Amino acid sequence: EILIGLVGSEMCIETGIHLIVCIDEFQQLALLPGYKSMEGKMRSAWQKQQQVSYCFYGSKRHMMMDIFNNSSNPFYRFGQVLFLQKIKKEEWVPFIVNAFHRTNKEISEQQAEQLCDIVKCHSWYLQQLCYFIWSGTSEKVTDEIIEIRTRQLIDTNMPMFMNDTENLTAAQTAMLRAVADGEYRFNSIPVVRKYELGSAQTITRNKRMLTERDFIEKEGNKYVFSDPIFGFGSGGSIAEYKKRTWNCVLSIVFEGPEKTPHTNEQTADPRRNQRRSSPCHSCIVSKISQVLKDKNEAQRFLQYHFTKH
């Protein structure tokens with residue numbers, strides 16, 4: 001492929017065409033076997049090409065920054081790094097309203113603004129949520145439709161969140177719960193004890209790891225979830241549903257139905273930081289009911305996430 005690129009460069013020179021090569025999710029290349037040697041070869045070949053430009057896109061900020069801003073990597077300062085900002089709410093609202101209107105469906109500007117706030121103007125989630133609401137509306141969008149379809153958005157993406165977090169240690173999962181509860185003083189004794197975050201070294205290491213893997217990010221003096229659906233919105237029943245559902249996932253998938261008490265990291269069972277074995281079906285049902293506190297809601301959650309397995 002590198003040689004093909006070189007030939008393409010010569011063809012561009014001969015024909016006077018300027019070629020632009022766009023590669024999406026470029027950071028995923030770093031996961032390929034033998035990437036380090038391939039990275040150097042790509043840089044060596046691409047920098048010699050004429051009339052060929054490259055645009056690399058990536059959704060994992062820290063991985064992209066490591067590739068292009070780490071002086072020990074071949075692609076260090078290969079080109080200009082640009083951070084694309086979210087599309088503003090003021091631009092989303094008329095777009096959403098007009099899109100519904102074109103298909104003879106009505107959504108108010110206030111409701112369109114609400115959708116933007118729910119997903120914090122995240123382009124992918126906003127389009128997904130709008131589709132769910134549009135498909136569930138015959139004529140006019142109601143607050144009930146927004147709530148039902150927002151829950152659908154959360155449930156649809158929950159398996160992905162479970163997959164992303166299945167290899168986290170118990171201490172890392174505990175830190176996510178702390179972030180979900182609005183905690184940010186991770187080294188304070190009450191927070192350490194409440195969430196069992198471990199030693200100061202463990203806390204520092206887990207903060208760095210969760211940040212590098214784009215689970216959380218620093219916002220002012222607090223840590224928040226990088227993903228607006230993985231995290232929690234502001235106020236209302238939807239936010240409460242997100243919190244209860246996510247805590248349910250943390251409790252069931254990563255910790256199991258019971259926890260083994262320990263006093264500190266040195267005396268803890270080393271198996272504590274390994275993924276727990278799956279709890280029995282009755283334990284899952286019991287735990288869901290306890291956390292969601294609603295039989296119908298628990299049954300729907302159970303059917304959606306576990307009947308396929």
Side-chain angles (χ1 to χ4, degrees), residues 1-87 121-128 157 159-169 172-173 175-176 201-202 204-219 223-230 273-275:
E1 292 177 349
I2 294 175
L3 292 176
I4 291 175
L6 287 172
V7 172
S9 176
E10 295 174 358
M11 293 175 60
C12 288
I13 296 174
E14 294 175 359
T15 59
I17 296 174
H18 190 111
L19 182 66
I20 301 176
V21 180
C22 300
I23 303 178
D24 196 13
E25 297 298 345
F26 185 76
Q27 79 279 345
Q28 294 301 113
L29 291 177
L31 304 178
L32 295 175
Y35 167 73
K36 282 300 179 183
S37 61
M38 181 177 67
E39 187 179 25
K41 294 176 182 178
M42 288 191 296
R43 167 75 190 242
S44 177
W46 291 348
Q47 68 183 3
K48 296 176 183 177
Q49 295 178 345
Q50 299 181 41
Q51 292 187 219
V52 180
S53 300
Y54 286 87
C55 293
F56 305 127
Y57 307 97
S59 58
K60 301 296 184 182
R61 177 179 298 186
H62 285 86
M63 292 182 68
M64 292 290 285
M65 292 295 289
D66 183 67
I67 292 173
F68 294 104
N69 280 12
N70 189 332
S71 59
S72 63
N73 290 332
F75 275 109
Y76 176 63
R77 293 189 176 178
F78 183 70
Q80 182 68 37
V81 177
L82 300 176
F83 293 99
L84 299 180
Q85 302 301 316
K86 293 179 181 178
I87 299 174
C121 290
H122 189 288
S123 296
W124 164 254
Y125 288 133
L126 186 52
Q127 292 179 80
Q128 189 178 34
N157 289 281
M160 178 185 67
F161 300 149
M162 295 170 70
N163 181 67
D164 289 344
T165 55
E166 67 176 348
N167 292 321
L168 296 181
T169 66
Q172 291 162 355
T173 302
M175 182 168 287
L176 289 181
Q201 293 83 354
T202 298
T204 300
R205 182 173 63 249
N206 287 338
K207 276 196 299 186
R208 182 176 63 251
M209 191 285 294
L210 292 174
T211 301
E212 290 176 350
R213 291 183 59 183
D214 290 307
F215 282 104
I216 60 176
E217 60 186 31
K218 197 76 175 292
E219 190 175 273
Y223 280 91
V224 298
F225 288 104
S226 301
D227 189 303
I229 301 301
F230 188 93
N273 285 332
Q274 298 177 358
R275 186 186 179 190

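Only this structure's heavy atoms are used, side chains among them; waters, hydrogens and symmetry mates stay out. These numbers come from a predicted model, not from an experiment.
The shortest non-hydrogen separation linking M64 to Y57 is CE-C, 3.9 Å. The shortest non-hydrogen separation linking E217 to S226 is OE1-OG, 3.4 Å. Nearest heavy atoms, P228 versus Y125: CG-CD1, 3.8 Å. Minimum interatomic distance between F215 and L168 (heavy atoms only, all atoms of both residues): CE1-CD2, 4.1 Å. Pairing each heavy atom of S123 with each of I87, the nearest pair is OG-CD1, 4.1 Å. Counting all heavy atoms, side chain and backbone alike, G58 lies closest to Q27 at CA-OE1, 3.0 Å.
Between L126 and W124, the closest side-chain pair of non-hydrogen atoms is not below 4.5 Å. Using a 4.5 Å cut-off on side-chain heavy atoms (C-beta onward), F161 and I229 make contact. For the pair S53 and V21, the minimum side-chain heavy-atom distance is 4.5 Å or more. Residues L19 and Q51 are not in side-chain contact: their nearest non-hydrogen atoms beyond the backbone lie 4.5 Å or more apart.
Residues passing the ring-ring contact (aromatic ring centres under 6.0 Å, His included) test with F68 are F26, F56, F75, sequence neighbours excluded.
Annotation: the span from E25 atom CD to M63 atom CE amounts to 9.5 Å, rounded to 0.5 Å. With rounding to the nearest 0.5 Å, the separation of NZ in K41 from CH2 in W46 is 13.5 Å. Note that CG of N70 and CE of M65 are 10.0 Å apart. Values are rounded to the nearest 0.5 Å. Distance check, rounded to the nearest 0.5 Å: CD1 of I216 to CG of D227 gives 13.5 Å.
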Set out, in order, the CA-CA distance, both residues' side-chain angles and the distance that settles side-chain hydrogen bond (donor to acceptor under 3.5 Å, both in side chains) for N157 and Q128, then state yes or no.
CA-CA 10 Å; N157 289 281; Q128 189 178 34; 3.1 Å; yes
Determine, stepwise, if the pair T169 / Q172 fulfils side-chain contact (heavy atoms from CB on, under 4.5 Å).
CA-CA 5 Å; T169 66; Q172 291 162 355; 3.2 Å; yes
Please test L29 against I67 for side-chain contact (heavy atoms from CB on, under 4.5 Å), starting from the C-alpha separation and ending with a verdict.
CA-CA 10 Å; L29 291 177; I67 292 173; over 6 Å; no
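Judged by distance alone, the side chain of T211 and the main-chain N or O of K207 form a donor-acceptor pair under 3.5 Å.
Residues Q47 and R43 bring a donor and an acceptor atom of their side chains to less than 3.5 Å of each other.
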